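Just so you know, these numbers come straight off a predicted model, no measurement behind them.
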Amino acid sequence: MFHPNNMQLAIRIPTSPTQDSTQYMQVDQSDSSCVVRNDTQNGGFAHAEYIFNFSKKLQEDLQTFGMKIKQHEDNIKFLKTQKSKLDESILDLQGKYNHSSGTPVAENEIHSHPQSDEETMQQIMQQEKSAAGIICKLSAHHSIQAYNIMLTKDVLGIVARLGKVDDDNLSRLLSEYLGMETMLAIVCRTYEGVKALEIYDKEGCINKSFGIHGLGASIGRNLDGRFLVICLEHLRPYVGDFIANDPQRRLDLIKPRLPNGECPPGFLGFAVNMIDIDSMHIFCLAANGYGLRETLFYSLFSRLQVYKTRADMLQALPCISDGALSLDGGIIKATGVFCLGNQEDVQLRFPKASMKSSLPENYIESARQIKELKWKKEKMIEDIKREHALLDNSKLNFDRKKAEFLKFLAESSSYAAQQQLSAKPERLTPR
């Protein structure tokens, strides 16, 4: 049973604010005068001063460790930001000449040689009852007449022939993503060109003696069914920045980020930047002054992301907003819309760019820059690991000092309570 009047209290009091050695004071509560043994009244004030100074020192130590923790956290945050910038620079440089080097292809891919521009045109012309087939037949066999015909002078071309892709597997995937109808779409510069393609009578029916219907009939190709026409001046263009010093004027799109701030593993780039465009179509193509990439292909692909594997793509789901595809055949059309099953054998696809056009003049310099950036990235990763180790050590020291401070507060509070008891005057008893 606890008897406060028959108990001696032991309090650990530092002998000096800068020393760890301590002395113990015995408080005999059975003494009615509450005399503190081994000490005098003046000595109590000295110990109180020691308590104050030692408490102040512990608080300063805690503050010092707290500042070190914040410093390491700030350093890690800064290094991760710099690492992200290096990742973006590496992706941008790689995107200028190589989007699919060393990446896997679909297991069920039908092996074939890359399609040339001539083969792509032949594939279009095989669609005999299509508007795209009529346009290509005119340009191939009646180029002079077609150039002078009011009907086709505003027609820029067919989607499948306006871009080129270096890798045949990637070309198949992009073509499958767009679908045959879009790949065969006619692209016009202005809405006047769109109106010239199809003429209507007073009842609103198609007059097949004029427009592309009449043109098809004149060359023995009757147009059947619907077809897509894309008007560049009515598209909402990309209005952001372009990748600096890129002759292809690729779009400077913000890279996807996982919740932890890191770029998803296996991310190769954006589909809109993986299309090679002829130099004549890069600048001021539309009436509003925009080029083909920021109008047509940005409208078709938006921020469609490309990954090495399906596993990489699925891991990056939290940061996919406008669809994605992987080089082993995975396709996400939009958020929550997945394309399953075997990859299709796409006959009509983007042609392969020539070696001359696919490799920029500064290819060797770009390769050197990529190697240097990767070396800097590796060094930065080591710096981040080192900062994490220092942070963990500072947190450990902070926790130890905090525990020491809390223990000291508890002991000094107990001592202070005993001092208050000893200072109380005896109660006067009535006579």
Do you know which two heavy atoms are closest between [X] and [Y], and how far apart they sit?
X: Ser326; Y: Leu173; result: O-CD1, 3.2 Å
X: Pro237; Y: Tyr290; result: CG-CE1, 3.4 Å
X: Leu348; Y: Ser175; result: O-CB, 3.6 Å
X: Asp322; Y: Ser302; result: OD2-OG, 3.6 Å
X: Leu235; Y: Ser299; result: CD2-OG, 3.7 Å
X: Ile69; Y: Ser394; result: CG1-CB, 3.8 Å

When you measure from the side chain of [X] to the backbone of [Y], do you find a donor-acceptor pair of N or O atoms at a distance under 3.5 Å?
X: Asp312; Y: Pro264; value: no
X: Glu233; Y: Tyr191; value: yes
X: Thr295; Y: Gly291; value: yes
X: Asp201; Y: Gly204; value: yes

I want to check something: taking the side chain as every heavy atom from C-beta on, are [X] and [Y] in contact at a cut-off of under 4.5 Å?
X: Ser84; Y: Cys263; value: no
X: Lys385; Y: Glu382; value: yes
X: Phe267; Y: Cys319; value: no
X: Leu228; Y: Leu184; value: no
X: Asn75; Y: Ile384; value: no
X: Arg189; Y: Leu156; value: yes
X: Leu304; Y: Val272; value: no
X: Leu251; Y: Tyr298; value: yes

Pair Ile332, Ile320 - check side-chain contact (heavy atoms from CB on, under 4.5 Å), show working. CA-CA 9 Å; Ile332 298 176; Ile320 295 176; 4.3 Å; yes
So how far is it from [X] [atom1] to [Y] [atom2], rounded to the nearest 0.5 Å?
X: Ser171; Y: Asp166; atom1: OG; atom2: CG; result: 10.0 Å
X: Phe297; Y: His281; atom1: CZ; atom2: NE2; result: 10.0 Å
X: Lys208; Y: Glu198; atom1: NZ; atom2: CD; result: 9.5 Å
X: Leu79; Y: Lys379; atom1: CG; atom2: NZ; result: 12.5 Å
X: Leu215; Y: Ile135; atom1: CG; atom2: CD1; result: 6.5 Å
X: Lys77; Y: Glu387; atom1: NZ; atom2: CD; result: 15.0 Å

Sort out for me which residue in Lys164, Arg250, Arg249 forms a salt bridge (charged side-chain N to carboxylate O under 4.0 Å, His left out) with Asp276. Arg250
Just checking, any donor-acceptor pair under 3.5 angstrom between side chains of Gln248 and Arg293? yes
Hydrogens and angles aside, do Asp154 and Thr190 bring a side-chain donor and acceptor to less than 3.5 Å of each other? yes
Taking the basic N atoms (NZ, or NE/NH1/NH2) and the acidic carboxylate oxygens, is any pair closer than 4.0 Å for Lys402 and Asp399?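 No salt bridge links Lys402 with Asp399.
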Using a strict threshold of under 4.0 Å (side-chain N to carboxylate O), is an ion pair present between Glu192 and Lys195? yes
Which residue pairs pass the salt bridge (charged side-chain N to carboxylate O under 4.0 Å, His left out) test when at least one of the two sits in residues 254-268, sequence neighbours left out? Lys83-Glu262, Glu88-Arg257, Asp92-Lys255
Kindly check if the number of other-residue, nucleotide or ligand heavy atoms within 6.0 Å of CZ (Phe242) is above 12? yes
Could you check whether the rings of Phe301 and Phe350 sit parallel, tilted or perpendicular, using 30° and 60° as the cut-offs? tilted
Before giving the answer on side-chain contact (heavy atoms from CB on, under 4.5 Å), spell out for Leu232 and Cys188 the whole-Å C-alpha distance, their side-chain angles and the decisive distance to 0.1 Å. CA-CA 6 Å; Leu232 293 184; Cys188 293; over 6 Å; no
With a cut-off of under 6.0 Å to the ring centre and 45° to the axis, is Lys333 in cation-pi contact with Phe338?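 Judged by the rule, Lys333 and Phe338 form no cation-pi pair.
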Asp392 and Lys395: CA distance, side-chain angles, deciding distance, salt bridge (charged side-chain N to carboxylate O under 4.0 Å, His left out) verdict: CA-CA 5 Å; Asp392 292 340; Lys395 285 182 176 180; 5.4 Å; no
Show your reasoning for whether side-chain contact (heavy atoms from CB on, under 4.5 Å) applies to Leu268 and Tyr307. CA-CA 5 Å; Leu268 298 177; Tyr307 289 86; 5.8 Å; no
Quick one, Asp246 with Asp252, criterion side-chain contact (heavy atoms from CB on, under 4.5 Å). Give me CA distance, side-chain angles, the key distance, then yes/no. CA-CA 10 Å; Asp246 182 10; Asp252 190 13; over 6 Å; no
Picking from Leu174, Asp168, Leu170, what satisfies side chain to side chain contact (heavy atoms under 4.5 Å, CB included) with Arg349?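 Considering Leu174, Asp168, Leu170, a side chain to side chain contact (heavy atoms under 4.5 Å, CB included) with Arg349 is found only for Asp168.
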Partner residues of Asp74 under the side-chain hydrogen bond (donor to acceptor under 3.5 Å, both in side chains) criterion, sequence neighbours left out: Lys70
Residues in salt bridge (Lys or Arg N to Asp or Glu O under 4.0 Å) contact with Arg400, at least two apart in sequence or another chain: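 Salt bridge (Lys or Arg N to Asp or Glu O under 4.0 Å) check on Arg400 returns nothing, list empty.
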Strictly under 6.0 Å, is that where the ring centroids of Phe65 and Phe398 end up?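 Not under 6.0 Å, so no.
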